[in-house]
Amino acid sequence: MEQIPVYPDVLELDKAELHLHLDGSLRLETMLEIAEIENIEIPGNNTLALKKQCVYENEENFTLTKFLNYFYFTLKFLQTKYALTRTAYELLEDLSHENVKLAEIRFAPQLHRINGLTLGEVVDAVLEGINKGMNDFDIKSGLILCILRGLKLKLAHEVVDIADEYRDRGVIGVDLAGDESKFPLEMYRHPLLIAGQKGLNITIHAGETGPVEEIKTAVFDLNAKRIGHGIAIVKDPPLIQVLAEKKVTLEICPTSNIQTCVAKSYAHHPVNLIYQKGGLVTINSDNRLISDTNISKELSKMIYFFHWTIDDIKKVIQNAFDASFIK
Ligand code: ADE
Ligand code: ZN
């Protein structure tokens, strides 16, 4: 990936990040230590060898399906309370170092039960890390629980139930994540409708690899207040305005889209067009480790490739503060 400068002005600004997956945002050094403590076999015994397993490397014709395979590896390191608490805490620490003042962290709790943790134990462990992090660093945070495309409907309903149970204890909403190219949103209509009936905040990965119709279903049928990625909206300019009027915000993750080959390059990424047409754009990192990025790098790329001014940067940051599910 092209190395783009991080602008000091961007680094200094107070920022909000709405779209960040815990399981894609670990520290390599921590993974090594967890491997040692928990006897997890890893290739080599150094961060360089580890990096090869879980940091995207330039590859032509890559896809979202291939990209999501990285998580099979990182998830091995997130199967104990210790690991979940530690990594959530460290993520807030890392974010605070780049002046992120508000961070919504998301993950799919069902994927952390290999060692027999209950869903409640998994969520409690992550919340413990988040609460400690909020205590120690100047940052507010909340947890979004992901329903995962490809998992059984019963598990999706369990996520909605546990999100409801924890709604006053740090869980701020639900998401639908995973492979949009294989599992359309329609399959998860029922649990998401129930989430809406329960009054949970909903964001949905839609229009990432899929068509604009997925975005329409998410917003008009399922009442999603935010859309993860949503870049397919560029094919339907009037919809950009309709969503902006409804205050539906787009969580755009530029580098992630280039790595999954849904955008050809930064210069070709639709984010600028969507922003210029009045879309409520926010800029996010999606996965700090896997995509080797962070929000300061992502925002800096908007300046570098699209000549955004610092006022443009402030605008999209404000969009993120305004659209946060954290009260
Ligand atoms: N989980 C982590 N990254 C993701 C992405 N880009 N799309 C869907 N699910 C994800
Ligand atoms: Zn995502």
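Computed from heavy atoms alone, side chains included, the values below leave out hydrogens, waters and symmetry copies. Bear in mind that the values here come from a model prediction, so they are computed numbers and not experimental data. All ligand and atom numbering here is 1-based and tracks the order in the structure.
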Any cation-pi pair here, Arg86 with Tyr89, using under 6.0 Å and within 45°?
no
Glu180 contact mode with ligand 1 (heavy-atom cut-off under 4.0 Å)
neither
Report the part of Asn287 in contact with ligand 1, treating N, CA, C, O as backbone and CB onward as side chain, heavy atoms under 4.0 Å; options are side chain, backbone, both, neither.
side chain
If you measure from the Lys or Arg side-chain nitrogens to the Asp or Glu carboxylate oxygens, is any gap between Lys81 and Glu128 under 4.0 Å?
no
Looking at His21, which of its N, O or S atoms is the nearest one to the Zn ion (ligand 2)?
NE2
Contact (N/O only, under 3.5 Å) between Phe71 and ligand 1:
no
Report yes or no: do Asp179 and Ser181 form a side-chain donor-acceptor pair below 3.5 Å?
yes
Taking atom types as modelled, find out whether Lys132 and Thr85 have a side-chain donor-acceptor pair closer than 3.5 angstrom.
no
Residue list, side chain to side chain contact (heavy atoms under 4.5 Å, CB included) with His190, at least two apart or on another chain
His157, Ile194
For residues Phe107 and His112, establish whether the separation of their ring centroids is below 6.0 Å.
yes
Does His205 put an N, O or S atom under 2.8 Å from the Zn ion (ligand 2)?
yes
Specify whether an N/O/S atom of His19 falls short of 2.8 Å from the Zn ion (ligand 2).
yes
re atom 1 (N) of ligand 1, the protein heavy-atom contact at minimum distance is His21 CE1, 3.2 Å
Near Ser256, which atoms of ligand 1 are under 4.0 Å from a heavy atom of that residue?
6 (N)
Judged by non-hydrogen atoms, does Asp23 sit under 4.0 Å from ligand 1?
no
Does Asp179 come within less than 4.0 angstrom of ligand 1, counting non-hydrogen atoms of the residue?
no
Of the options Glu298, Glu17, Glu98, which is the one that meets Arg288 in a salt bridge (Lys or Arg N to Asp or Glu O under 4.0 Å)?
Glu98
